[in-house]
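Protein chains get the first letters and strands the later ones, always in sequence-line order, with residue 1 at the start of each. Computed from a predicted structure; not experimentally measured.
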Amino acid sequence: MGSPAELNQFLASVEKRAYAMALVAVKNSDDALDIVQDVMLALAKKYAHKPVHEWPPLFYRILGNRITDHHRSSSLRNRLFGWFDNASENPNTLIEQTRGPRSHNPDRGHMLATVSAQLQQALSGLPHRQQQAFMLRAWEGLDVKATAKAMGCSTGSVKTHYSRAVHALRDMLDDHYDD
Amino acid sequence: MTESKPPNQPSDGEWAEKAAAQLRDAEQHLPSDVQLQLQSARRAAVEAAEQPERRAAKPWLTLGAGGLLAAAATVLVLLSSPEMMEMPDLDEQELAAAQEVELLEDLEFVAWMLAMEETDENPNQG
């Protein structure tokens, strides 16, 4: 079991990356912050007693689940408001009444500052599982086994998702990194 | 996985590493307000990890746990004492005796009632 100091150290080592991953996945900085905060709390409350070496896959497993939950709730919200928009005779009224998307702070932006827009857009456009596989294997540097644990699937599935992700990104970005 | 890229182009692994390096660099240049909020969230999480013991000490939880223990202890005592759980064995004579006692009590009550009625009818007697 890790000490509070070790937990603090671990969270400090992953918080920025987790935020950046969540930002790429949900494309909204406030939502990304909420997700990372939620993941940190969940790990601290439920899994702090686990051995320290088990924290990374657990942390990224929770992160993946929270991102999936976010996509589901966004999808539901879009369908609901889409139905309202279609059903309304006076769409302007509903638009005025409906709470808009969460604050989009133009100063903070939705893009990671030093990442090319093409790469971020391409990564955001990948299917969720491919996105996860690429982020965990290439970005976080987890091995196949730890990635499988974090994604809740077999190592074979990880390899498939990762391979498809890399090929899709290369196709989308053409020769952006081929020089 | 077979790589179909021409020899002068990086392998999938090399390509992915270049992309990942750019992403890792980006995470070190997050806006300062985001970094502050992340630090704050981290502190809250670490504090939360230290709280479960305090949470268990909440009075209603203690009372609830105590009540459950007391109930469980009562049930155990009842189950472990056969005299409380088994009905007494009554033979026919004892049953008959019990019924006689009831009859006697009834007779006493009837006699008392009759006496009261007589007193009411002749209040000056007696």
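Neither the backbone nor the side chain of Ala165(A) comes within contact range of chain B, judged by heavy atoms closer than 4.5 Å. Heavy atoms of Tyr47(A) lying under 4.5 Å from chain B are absent altogether.
The CD atom of Gln37(B) sits 5.0 Å away from the CG atom of Leu33(A) when rounded to the nearest 0.5 Å. From Leu41(A), atom CG reaches atom CD of Glu47(B) across 10.5 Å, with rounding to the nearest 0.5 Å.
Listed here is the closest heavy atom pair of Ala49(B) and Ala44(A): CB-O, 3.5 Å. The two residues Met40(A) and Leu38(B) make their nearest non-hydrogen contact at CE-O, 4.1 Å. The shortest heavy-atom contact between Ala138(A) and Ala20(B) is O-CB, 3.3 Å.
With sequence neighbours left out, Arg17(A) forms a side chain to side chain contact (heavy atoms under 4.5 Å, CB included) with Met21(A), Tyr60(A), Trp139(A), Glu140(A), Arg24(B), Glu27(B).
Contacts with chain B were tallied for Asn8(A), Leu43(A), Val36(A), Leu7(A); Asn8(A) has the most, counting heavy-atom pairs under 4.5 Å.
Under the 4.5 Å side-chain criterion, counting only non-hydrogen atoms from C-beta, Leu23(B) is in contact with Leu119(A). Here the side chains of Gln39(B) and Glu15(A) are in contact, with some heavy-atom distance below 4.5 Å. Between Ser3(A) and Glu50(B) there is no side-chain heavy-atom pair separated by less than 4.5 Å.
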